[in-house]
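Sequential numbering from 1 along the given sequence is applied to the chain's residues. These numbers were taken from a predicted model, which means no experiment stands behind them.
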Amino acid sequence: RFTDAESGAGVAFAQVDVKLAADGGTRRFGGSARIDADSPPLRFACEQSARARCWIGGRGLPLARWLALLPVGGVAAVAGEIDLDAWIGYGSAVDALAVDLVARDLQLRGVEPLRFSDGDEIEPRTRVPYWHVKLSGQRDAGAWQLRVEDRRAPNVTEPVLAADIAIAADRSGRVAVADATVDLAALAPLAALSNRLPPRLRGLLYESAPQGRVAVPRLERGADGRWRGAAELGAVALAPGSRSPGIGPLSGSLTVDGDTVLYAAGRQLALELDWPHVFRGIVPLVLDDAVLTAWRGGDGWRVALGRTRLAGRGYTGSGEATLWFDPEGRRPTLDAWVHVDEGEVAASGQFWPVNAMPAPTVAWLDRALTSGRVEGGVAVIRGDLDDWPFRDGEGRFRAQARVRDVDLDYHGSWPRARIGSADVEFSAIGLVATSNDVSTMDNRVTVARAQIDDFREARLQLRVEGSGTGPGLLAFVRDS
């Protein structure tokens with residue numbers, strides 16, 4: 001029986017056969033071990049003189065049986081088999097290593113449940129049809145120099161993971177990674193299974209299914225445990241989760257310095273925001289010279305987008321935002337503002353929050369606001385998104401805009417109105433619009449106020465004062 005001293009878990013062998021031989025100053029031994037009577041054996045052969053070397057290997061080894069009582073990094077095997085060849089060299093200690101592992105139809109699970117952003121828990125699982133890992137290295141000058149490659153299909157030249165890794169042999173914890181490339185789609189599901197990662201990060205990796213590649217020319221962890229280095233993102237994208245938005249593709253440079261991470265997108269980053277629980281469709285964005293900074297403090301992580309120019313479908317503007325990820329909350333606290341330079345009134349429909357507006361309200365806004373221009377506007381939001389839409393004043397949301405030349409179809413049985421100019425103000429739960437420049441069927445409106453107190457009920461209150469000719473007023477009444 002083999003027992004892990006840290007966890008107390010172990011592997012019990014059903015049968016172990018060993019043969020010993022000596023020839024002068026050279027000793028040899030070899031044999032096999034079986035996890036049960038029906039499984040293929042794990043074989044080993046060693047030779048020892050001034051130095052020692054060993055080979056350990058097997059074909060068709062059932063991984064689920066071998067790791068049933070000894071999960072690695074909180075990951076256990078459910079099904080699958082492996083072919084293994086491992087060579088180990090040692091003098092006074094192990095100083096050379098080469099591993100060639102091929103796994104087929106591998107199914108893995110995390111031994112600890114994974115929690116999503118909405119509080120639901122599952123046992124995370126993933127399937128790897130083919131997995132070929134090569135690891136080689138040697139110890140010299142007080143450090144291990146390792147090379148690792150990971151491929152997910154036979155006869156492919158481009159690995160999903162490749163890296164040169166240096167690990168200090170003095171137990172200082174120092175690690176250096178160089179010339180690494182990572183395929184997120186292949187590795188994120190595996191990382192999400194491990195209990196070595198923080199729970200929130202595991203949930204994010206599993207739920208958002210990251211795509212894209214990351215190139216790491218150099219990344220180091222010092223004796224203080226802090227990572228420092230740089231990386232390049234290539235078309236990285238996150239899928240929407242139960243409460244989190246999807247975003248991507250992201251390209252640009254990433255700089256890591258301890259508990260601070262800086263992302264610089266460069267000029268003209270075109271991406272898409274997919275938030276199906278808030279917006280009806282995918283929102284395209286173009287950011288100019290966007291810089292994102294994340295840092296960890298005593299009260300959790302913060303992520304800040306510095307002021308940046310932005311453009312979307314039917315509008316241009318600028319904005320900035322900060323997110324605070326409270327360790328006790330499910331959603332972050334958001335502090336953001338957006339200024340719209342100009343845009344189309346109809347473009348606002350892509351931002352109607354469907355989680356706060358009932359479907360009839362959205363349908364009315366879509367029908368009523370089909371044309372016109374926005375000439376300046378600003379939106380401000382601040383509060384814990386756990387409390388959205390801030391009905392009891394827990395947070396603040398305000399959006400104001402000046403609109404011109406709007407054709408308003410406010411009811412199918414009423415004539416349309418032409419709004420020369422108006423001021424519109426949105427809160428998280430309602431809206432108010434005022435104007436002194438409205439006309440309908442040759443009737444002039446000098447004072448107009450439209451108000452919806454609560455989007456859930458969507459009752460439109462109108463107060464209108466105006467003047468017109470007798471025929472014009474009769475025509476308005478007749479068509480209303």
Side-chain angles (χ1 to χ4, degrees), residues 116-120 240-246 272-284 312-315 329-334 336 338 340 343-372 374 377-401 403 406-417 419 422-435 448-464 480:
F116 292 135
S117 55
D118 62 358
D120 285 348
S242 56
R243 288 178 178 250
S244 58
E272 294 179 338
L273 178 66
D274 186 5
W275 205 347
H277 305 295
V278 178
F279 303 136
R280 291 177 292 172
I282 295 175
V283 178
R313 191 166 51 217
Y315 68 93
R330 292 185 298 175
R331 293 180 178 178
T333 294
L334 175 63
V338 175
V340 177
E344 302 170 6
V345 168
S348 59
Q350 59 193 307
F351 298 106
W352 302 140
V354 295
N355 61 335
M357 290 182 175
T361 303
V362 174
W364 180 83
L365 289 169
D366 284 342
R367 189 195 72 244
L369 304 175
T370 58
S371 65
V374 176
V378 63
V380 178
I381 181 171
R382 183 172 188 178
D384 188 338
L385 296 184
D386 281 330
D387 301 323
W388 174 260
F390 311 141
R391 291 189 176 277
D392 298 320
E394 308 93 333
R396 180 171 182 262
F397 173 79
R398 285 290 184 273
Q400 297 173 319
V403 298
V406 178
D407 287 321
L408 179 64
D409 181 8
Y410 50 87
H411 195 282
S413 300
W414 286 55
R416 293 192 176 197
I419 301 175
D423 294 311
V424 184
E425 180 174 345
F426 284 87
S427 70
I429 61 174
L431 70 83
V432 175
T434 58
S435 176
R449 178 183 175 88
Q451 182 170 336
I452 297 177
D453 291 329
D454 194 326
F455 286 131
R456 291 181 301 184
E457 298 180 1
R459 293 180 179 175
L460 177 64
Q461 304 174 49
L462 288 173
R463 178 176 174 270
V464 178
S480 301

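- The aromatic rings of Phe351 and Phe279 sit perpendicular to each other, their planes meeting at more than 60°, with 30° as the lower class boundary.
- Put simply, the side chain of Ser348 gets close to the backbone of Val345: a donor and an acceptor are under 3.5 Å apart.
- Within the model, atoms CG of Leu273 and CD1 of Ile282 stand 9.5 Å from one another, a figure rounded to the nearest 0.5 Å.
- Checked by atom type and distance alone, the side chain of Arg280 pairs as donor or acceptor with a backbone atom of Gly349 at under 3.5 Å.
- For the pair Thr370 and Asp409, the minimum side-chain heavy-atom distance is 4.5 Å or more.
- We find the CD1-CD distance between Ile452 and Gln461 to be 9.0 Å, quoted to the nearest 0.5 Å.
- Residue Val354 comes nearest to Pro276 through the heavy atom pair CG2-O, 4.3 Å, listed as atom of the first residue, atom of the second, then distance.
- Heavy atoms only, all atoms of each residue included: Ala401 and Val374 are closest at CB-CG1, 4.1 Å.
- Residues Val283 and Trp275 have side chains not in contact (no heavy-atom distance under 4.5 Å, counting atoms from C-beta outward).
- Using a 4.5 Å heavy-atom cutoff, the side chains of Trp352 and Leu365 are in contact.
- No side-chain heavy atom of Asp423 sits less than 4.5 Å from a side-chain heavy atom of Gln400.
- Gln350 and Tyr315 make their closest contact through NE2-CE2, 4.1 Å (heavy atoms, listed as atom of the first residue, atom of the second, distance).
- With a 4.5 Å cut-off on side-chain heavy atoms, Asp384 and Glu394 do not count as touching.
- The structure places CD of Gln451 at 10.5 Å from OG1 of Thr434, a figure rounded to the nearest 0.5 Å.
- Contact detail for Gly241 and His277: the closest heavy-atom pair is O-NE2, 3.3 Å.
- The CG atom of Asp454 lies 5.0 Å from the CD1 atom of Ile429; values are rounded to the nearest 0.5 Å.
- Here the CG-CD1 distance, from Leu334 to Ile381, works out to 5.0 Å after rounding to the nearest 0.5 Å.
- In this structure, Arg382 has no side-chain hydrogen bond (donor to acceptor under 3.5 Å, both in side chains) partners at least two apart in sequence or on a different chain.
- Considering CG of Leu408 and CZ of Arg367, their distance stands at 9.0 Å, rounded to 0.5 Å.
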